[in-house]
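For reference, the structure is listed below as structure tokens.
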Amino acid sequence: MQNHRDNWSSKITFVFAAAGSAVGLGNLWRFSYEAGNNGGGLFVLIYLIAIVFVASPVLLAELCMGRHTSKDAIGSFISIKPGTKFRYIGHMGYIAAIMILSFYSAIAGVSVGYLYKAISGEFSILSQTESVETLVKQSQNMYNALAADHLSMSILIVIFMLMTVYIVSKGIAGGIEKFTKIFMPILFVILGIMIIRSLTLPNASDGVAFYLQPKISSLNIDLVISAIGQAFFSLSLGMGTMITYGSYLSKKENLPQSAGMIALFDTSIAVLAGFMVFPVLFSLGMSPEQGAGGMFVVLPILFSKIPLGQIFAILFFGLLAIAALTSTISLLEVPVAIMVDNRNWNRKKASWMLGAVTLLFAIPAAIFEDFFSLWNQIWGTVALTVGGLLISIFVGWVWKPENALREMDPNSKLLKIGRIWAFLIKYFIPVLILIILISSVINLF
């Protein structure tokens, strides 16, 4: 017998939960990391274009599929087109969600570890020297020591996964809604405080200039695919998250409006995060091209040198842990919903079993940096971009845009904008992504 399917209690809790999925380490850690490694302003510009013309249309397509079928990321394809081979998109999304969750958990574990360091006042050791070189070396050693402490990292990852599994096991109203409704507004307030502090640092304007001024000389295929991949990553697209979240949505909700609010939340946080990170980097005279641990090396130096630094450190790493948790919740929800819908598992069993499977990949991601980087590239960029491509082909050519439009707007009030969306989802997005993917493969040889 089919398990009873939960529903969001209101539109705002759905938007908060979906935005919570999008607003996470993908914005606060990965966006700044990718922007710094891809020339700053030009990456940001292409990312914003990708959000409007690529990611947002796919977001709306996923929400339409989910609400129309009230099914998970596999069941939605089967319900729309029984027997279709496109159902393997859902299977790929299922795997991608677990793999992303595995390396995400490693960074999430570091955020929890640094929250503990902030509370215990460990960053105060950095205030004992004025040399930037020495400060950076000390902070780098602090990060390296945690990353190399495999036992501590494993414990932190387990703690984080336990929190994620517990919340997801409680379902929509009792778990995901309750958590995001409380912590999403807190996240916005803390981020605002951090941005104000960052922009008032010496030489902060140099960081803002790097972040906002596009340099055409930086343009290459790798930058473009990284920007599009980041757009999919930050909006949790291409792996069935938004299909799953849409399946819990009431028929009376306005889908284009909801999609617009989610995209606006996500993009705003990503852009604002850059105003927090890059002024700090340039104030300290550091290169914006930081590794995966760059944020954890740079910000403790800032906290050690400013008034009330320990309080800011607690606020920031608390923010980072909350942001990580809102994302890991949505990542785990994808395979959990599939098991609940298709295997008749109860939610608690699915949550704990899949959490255990994720840990098998999360520990290597924490221990081996090359493994982490490889998983980030394969599952965080390529798999999601390919997933978005296949979803746009399915909606544009198999389900047909007119059917999706009836789901999102039964009264045809948005006919004009609907035609634009149909063109993007049917022609523009598949062709663009195919050209970029083929070009990136050619560049390898």
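Because the structure is a prediction, the values reported are computed rather than measured. Values reported hereafter were calculated over all heavy atoms of this structure, with side chains retained and with hydrogens, waters and symmetry mates removed.
One finds the CG atom of N346 at 13.0 Å from the CH2 atom of W352 (value rounded to the nearest 0.5 Å). Put simply, CG on L299 and OH on Y114 are 10.0 Å apart, with the number rounded to the nearest 0.5 Å. The OG1 atom of T164 sits 6.5 Å away from atom CD1 of I329, with the distance rounded to the nearest 0.5 Å. Atom OG1 of T244 is separated from atom CD of E333 by 6.5 Å, given to the nearest 0.5 angstrom. Summarising the geometry, atom CG belonging to L249 is positioned 7.0 Å from atom CG belonging to L63; distances are rounded to the nearest 0.5 Å. Between the CZ atom in F232 and the CG atom in L389 there is a gap of 8.0 Å [rounded to 0.5 Å].
Heavy atoms only, all atoms of each residue included: I301 and S139 are closest at CG1-CB, 3.8 Å. Annotation for L325 and F160: closest pair N-CZ, 3.5 Å, computed over non-hydrogen atoms. For the residue pair A97 and V334, the shortest heavy atom distance occurs at CB-CB, 4.1 Å. For the residue pair F210 and G36, the shortest heavy atom distance occurs at CZ-O, 4.1 Å. Taking every heavy atom of both residues into account, D222 and N220 meet most closely at N-OD1, 3.1 Å. Closest heavy-atom contact between A263 and L235: CA-CD2, 4.0 Å.
Aromatic ring centres of Y94 and H91: separated by at least 6.0 Å.
Side chains of V165 and T358 form no contact here, defined as non-hydrogen atoms less than 4.5 Å apart. L219 places a side-chain heavy atom less than 4.5 Å from the side chain of I46. By the 4.5 Å heavy-atom criterion applied to side chains, L354 and L332 are counted as neighbours. Taking the side chain as every heavy atom from C-beta outward, V158 and L162 approach each other to under 4.5 Å. Taking the side chain as every heavy atom from C-beta outward, I98 and S102 never approach each other to under 4.5 Å. Looking at heavy atoms from C-beta onward, I429 lies in side-chain contact with P57 at the 4.5 angstrom threshold. Between M142 and K117 there is a side-chain heavy-atom pair separated by less than 4.5 Å. Proximity of N38 to S218: side-chain heavy atoms (C-beta onward) are nowhere separated by under 4.5 Å.
Each of I196, I195, L201 was checked for a side chain to side chain contact (heavy atoms under 4.5 Å, CB included) with L199, and the lone residue meeting it is I195. Between F77 and the choices I391, D72, T69, L390, the side chain to side chain contact (heavy atoms under 4.5 Å, CB included) rule is met once, by I391.
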>> Let's go through I95 and W379 carefully: what are the C-alpha distance in whole Å and the side-chain angles of both, what is the deciding distance for side-chain contact (heavy atoms from CB on, under 4.5 Å) to 0.1 Å, and is it a yes or a no?
In response: CA-CA 9 Å; I95 296 169; W379 301 107; 3.7 Å; yes
> side-chain hydrogen bond (donor to acceptor under 3.5 Å, both in side chains) between S283 and N203: does it pass, once the steps are laid out?
Replying inline: CA-CA 5 Å; S283 180; N203 301 318; 5.6 Å; no
> Would I338 and R343 count as a side-chain contact (heavy atoms from CB on, under 4.5 Å) if you check the C-alpha gap in whole Å, the side-chain angles of each, and the deciding distance to 0.1 Å?
Replying inline: CA-CA 8 Å; I338 288 172; R343 294 286 186 269; over 6 Å; no
>> Could you walk me through whether F316 and I193 satisfy the side-chain contact (heavy atoms from CB on, under 4.5 Å) test, starting with their C-alpha distance in whole Å, then the side-chain angles of each, then the deciding distance to 0.1 Å, before giving a yes or no?
In response: CA-CA 9 Å; F316 175 75; I193 294 171; over 6 Å; no
> Would L156 and L146 count as a side-chain contact (heavy atoms from CB on, under 4.5 Å) if you check the C-alpha gap in whole Å, the side-chain angles of each, and the deciding distance to 0.1 Å?
Replying inline: CA-CA 10 Å; L156 288 170; L146 178 60; 4.1 Å; yes
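A distance-only check finds a donor-acceptor pair linking the side chain of Y211 to the backbone of V271 [under 3.5 Å]. Remark: the backbone N or O of M276 is paired with a side-chain donor or acceptor of S198 at under 3.5 angstrom. Checked by atom type and distance alone, the side chain of S247 never pairs as donor or acceptor with a backbone atom of G66 at under 3.5 Å. With S56 contributing its side chain and I51 its backbone, the two residues share a donor-acceptor pair below 3.5 Å. Q310 places a side-chain N or O within 3.5 Å of a backbone atom of I119 that can act as its donor or acceptor partner. Not one N or O on the side chain of S76 forms a donor-acceptor pair closer than 3.5 Å with the backbone of A73. Panel note: side chain T200, backbone R197; a donor-acceptor pair is recorded below 3.5 Å. The closest donor-acceptor contact from the side chain of W345 to the backbone of A350 lies at 3.5 Å or more, if one exists at all. Distance alone, capped at 3.5 Å, is enough to place a donor-acceptor pair between the N37 side chain and the Y33 backbone.
Between E62 and R67 there is no salt bridge, since no side-chain N of the basic residue sits under 4.0 Å from a carboxylate O of the acidic one.
Below 30°, between 30° and 60°, or above 60°: for F317 and F296 the angle between ring planes is below 30°, a parallel geometry. Taking the six-membered ring where tryptophan is involved, the planes of F43 and Y47 are essentially parallel, since the angle between them stays under 30° and well short of 60°.
Summarising the local packing, CZ of F282 is surrounded by more than 12 heavy atoms from other residues, nucleotides or ligands at distances under 6.0 Å. The 12-atom threshold is exceeded at CE of M163, counting heavy atoms of other residues, nucleotides or ligands nearer than 6.0 Å.
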